[in-house]
Amino acid sequence: VFNRKEKNLAYARTDIGGAYRWQESSKTWTPLLDSVGWDDWGHTGVVGLASDPVDPNRVYAAVGTYTNSWDPKNGAVMRSSDRGASWQRTVLPFKLGGNMPGRGMGERLAVDPNKNSVLYLGAPSGKGLWRSTDSGVTWSQVANFPNVGNYQQDPSDSSGYASDNQGIVWVTFDERTGTSGSATQTVYVGVADLQNSVYRSTDGGATWSRLAGQPTGYLAHKGVLDTVNGYLDLAYSGRGGPYAGGKGRLWRDATATGTWTNISPVAEADTYYGFSGLTVDRQKPGTVMATAYSSWWPDTQIFRSTDSGATWTKAWDYTSYPNRANRYTMDVSSSPWLTWGANPSPPEQTPKLGWMTESLEIDPFNSNRMMYGTGATVYGTENLTNWDSGGQFTIRPMVQGLEETAVNDLASPPSGAPLLSALGDVGGFRHTDLTKVPSMMFTSPNFTTTTSLDFAETNPNTVVRAGNLDSGPHIAFSTDNGANWFAGSDPSGVSGGGTVAAAADGSRFVWSPDGTGVQYTTGFGSSW
């Protein structure tokens with residue numbers, strides 16, 4: 001989220017790992033929610049973030065991790081007048097879901113660009129549209145907003161996770177319809193409803209109506225207004241994301257006439273992904289970009305138009321299948337583990353351009369800088385306009401200081417590496433230098449999530465880890481302090497990593513995997 005008044009002021013939100021502010025001088029991120037205590041752990045999940053376009057010192061975050069029983073507390077709106085250095089909090093009468101389905105749509109939280117004491121918040125779970133008129137101190141529901149949403153990823157999910165109504169998902173102001181100090185009159189709101197996804201008020205939120213002529217059968221993940229050309233650009237997906245998208249479309253509404261134009265870069269039949277990551281270049285408003293956010297294989301795709309969507313080019317194209325030509329080069333030397341130690345066959349490449357690419361933004365002050373989020377990191381470029389001149393632009397991680405990992409277990413052997421980590425999604429690492437990013441996560445096997453690890457107290461070169469893997473063993477051993485690994489064998493019935501422990505001398509291991517009872521082995525897991 002870039003501030004549109006002050007250069008180099010940008011924020012990032014994460015699903016479970018807090019919010020961050022960009023430091024231009026060091027090209028790093030500063031954490032802003034480390035003050036959240038364990039009793040309020042859910043408030044490290046951020047589902048909406050807004051940087052005040054009138055007073056750049058002000059920033060707001062809508063926090064809460066789950067709307068179901070997994071998070072025992074209600075959500076809140078955090079407000080800061082010092083760019084997130086300190087916060088005040090208003091607890092809401094409902095939950096918010098920073099790690100729920102649909103979390104990539106947005107932004108659900110928005111500040112009126114003409115009267116910045118007015119904010120709107122789109123709520124999940126059928127709780128509706130909410131408004132504050134005192135800079136986020138108090139909130140009340142907009143009683144006459146006509147649609148609380150109805151889209152559920154999976155209505156049959158008894159846990160309440162995938163069956164939650166994803167609700168109201170974004171708010172966009174037309175700053176042309178207000179003057180400084182008076183509320184913006186035209187406001188657009190995106191709703192998780194496959195038939196009725198966009199609403200508009202032209203009287204400052206007093207009345208609302210469904211936007212006429214809009215496409216149906218999709219959810220509007222993003223609604224971005226190009227005020228120079230008078231276009232409301234919309235990125236549509238058949239599903240709520242961030243994992244799956246189904247079919248997708250891009251549409252443009254000419255706000256002065258209500259004329260709708262399909263500006264999709266590819267035919268609907270060729271989409272197996274939804275569109276998101278929608279942004280316009282504020283320096284050159286006819287330049288529009290979007291992502292194929294849920295294209296996992298062979299890679300995500302990024303689309304770019306310099307004529308308001310009349311024609312498009314892609315970040316990569318097939319030359320002759322399965323060979324690809326990329327408009328970009330990737331430099332992951334600062335985070336080399338982003339290759340995952342993989343050696344894929346074409347058309348897959350490593351490192352990947354990304355997946356779950358719901359958020360992509362062009363810096364409003366710098367046409368050459370773009371950042372986008374993935375399921376692994378934040379990538380960015382500082383020579384984006386090379387795309388248009390036929391050259392290549394360089395993508396690098398822009399993520400230093402942004403810590404967003406799910407930590408399942410930690411171990412600190414008395415010799416060797418000072419830290420071994422068991423992490424969700426990225427497996428875990430052998431940390432030989434606590435000031436540097438490790439070059440590679442644990443591999444051979446590469447667990448998607450490591451659930452537990454331990455070392456032998458009197459022989460710390462012997463290490464064991466257990467984890468989750470779609471197919472293959474769920475336990476691995478090392479005899480060199482976690483530098484290299486080999487897989488053990490699973491007893492029957494194992495479905496997940498569970499918990500593992502090593503004897504003090506490394507002669508035995510005790511394992512309580514998911515799916516079966518407690519097991520032990522002498523040696524390295526050839527029998528249990």
Side-chain angles (χ1 to χ4, degrees), residues 12-20 31-50 60-78 87 89-109 121-130 139 141 148-170 190-192 219 221 239-244 293-294 356 358-359 373 375 402-408 423-426 448-449 451 468 496 514:
R13 64 175 173 92
T14 71
D15 48 19
I16 65 170
Y20 298 80
L32 303 179
L33 292 180
D34 285 0
S35 60
V36 174
W38 179 249
D39 288 345
D40 297 310
W41 63 267
H43 290 174
T44 61
V46 187
V47 75
L49 193 146
Y60 301 85
V63 299
T65 300
Y66 299 105
T67 63
N68 62 345
S69 61
W70 301 342
D71 188 342
K73 293 200 173 183
N74 281 348
V77 174
M78 310 279 279
W87 297 90
R89 180 177 65 186
T90 296
V91 176
L92 299 165
F94 50 86
K95 295 182 179 185
L96 293 175
N99 201 32
M100 292 291 289
R103 60 188 179 269
M105 295 190 279
E107 291 293 306
R108 297 169 185 255
L109 182 64
L121 171 66
S125 313
K127 302 301 182 181
L129 181 66
W130 289 66
W139 292 83
Q141 188 173 356
V148 299
N150 59 19
Y151 176 80
Q152 302 162 279
Q153 178 177 301
D154 179 5
S156 67
D157 180 7
S158 60
S159 75
Y161 177 73
S163 58
D164 186 46
N165 172 6
Q166 294 182 15
I168 295 176
V169 295
W170 53 263
V191 179
L219 303 175
H221 276 227
R239 300 184 67 180
Y243 302 104
Y293 78 89
S294 64
M356 298 165 63
E358 285 262 31
S359 180
L402 195 153
E403 177 58 57
E404 205 279 349
T405 47
V407 181
N408 289 323
L423 304 178
D425 298 325
V426 291
T448 52
T449 288
T451 57
N468 300 334
D514 294 341

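Counting begins at 1 with the first residue of the sequence. All values reported here derive from a predicted model rather than from experimental measurement.
- Between Ala62 and Leu96 the shortest heavy-atom distance is CB-CD1, 3.8 Å.
- With hydrogens and angles ignored, the 3.5 Å screen pairs no side-chain donor or acceptor of Ser163 with any backbone N or O of Ser156.
- The backbone N or O of Leu32 lies less than 3.5 Å from a partner atom in the side chain of Trp87, making a donor-acceptor pair.
- In this structure, the separation between CG on Asn74 and CZ on Phe94 is 8.5 Å, given to the nearest 0.5 Å.
- Looking at residues two or more places apart in sequence or on another chain, you find a side chain to side chain donor-acceptor pair (under 3.5 Å) between Asn99 and Tyr66.
- In this structure, Val169 and Val191 have side chains that are not in contact, with every pair of non-hydrogen atoms separated by 4.5 Å or more.
- Between Thr67 atom OG1 and Gln166 atom CD the span is 9.5 Å, to the nearest 0.5 Å.
- To the nearest 0.5 angstrom, Leu129 atom CG is 8.0 Å from Leu121 atom CG.
- Checking side-chain atoms of Lys95 against main-chain N and O of Asn68 turns up a donor-acceptor pair under 3.5 Å.
- The two atoms that bring Lys127 and Gln141 nearest to each other are O-NE2, 3.3 Å, heavy atoms only.
- Contact between Asp164 and Ser125 at its shortest, heavy atoms only, is OD1-OG, 2.8 Å.
- Summarising the geometry, atom CZ belonging to Arg13 is positioned 4.0 Å from atom CD belonging to Glu107; distances are rounded to the nearest 0.5 Å.
- Minimum interatomic distance between Pro101 and Pro242 (heavy atoms only, all atoms of both residues): CA-CD, 4.5 Å.
- A donor-acceptor pair under 3.5 Å is absent between the side-chain atoms of Glu358 and the main chain of Tyr293, judged by distance alone.
- Remark: the backbone N or O of Arg239 is paired with a side-chain donor or acceptor of His221 at under 3.5 angstrom.
- At least one donor-acceptor pair closer than 3.5 Å links the side chain of Thr449 to the backbone N or O of Asp425.
- Contact of the Leu33 side chain with the His43 side chain is not registered, since no non-hydrogen atoms from C-beta on lie closer than 4.5 Å.
- Rounding to the nearest 0.5 Å gives a distance of 9.0 Å between OH of Tyr60 and CG of Leu109.
- Contact check for Pro93 versus Trp130: side-chain heavy atoms found under the 4.5 Å cut-off.
- Screening residues 65-77 for salt bridge (Lys or Arg N to Asp or Glu O under 4.0 Å), with sequence neighbours left out, gives Asp40-Lys73.
- When all heavy atoms are compared, the tightest approach of Ile16 to Ala406 is CD1-CB, 4.0 Å.
- Glu403 approaches Tyr20 most closely through the heavy-atom pair O-OH, 2.6 Å.
- With Arg108 contributing its side chain and Ala123 its backbone, the two residues share no donor-acceptor pair below 3.5 Å.
- For the pair Met100/Gln153, no side-chain contact is recorded, criterion being any heavy-atom separation below 4.5 Å from C-beta on.
- With contacts defined as side-chain heavy-atom distances shorter than 4.5 Å, the pair Val63/Val36 does not qualify.
- Donor-acceptor pairing under 3.5 Å is lacking for the side chains of Asn468 and Thr448.
- In this structure, CE in Met356 is found 7.0 Å from CG in Asp15, a value given to the nearest 0.5 Å.
- Judged purely by atom type and a 3.5 angstrom limit, Asp154 has no side-chain atom pairing as donor or acceptor with the backbone of Ala162.
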Would you please test Val407 and Leu423 for side-chain contact (heavy atoms from CB on, under 4.5 Å) and show each step?
-> CA-CA 5 Å; Val407 181; Leu423 304 178; 3.8 Å; yes
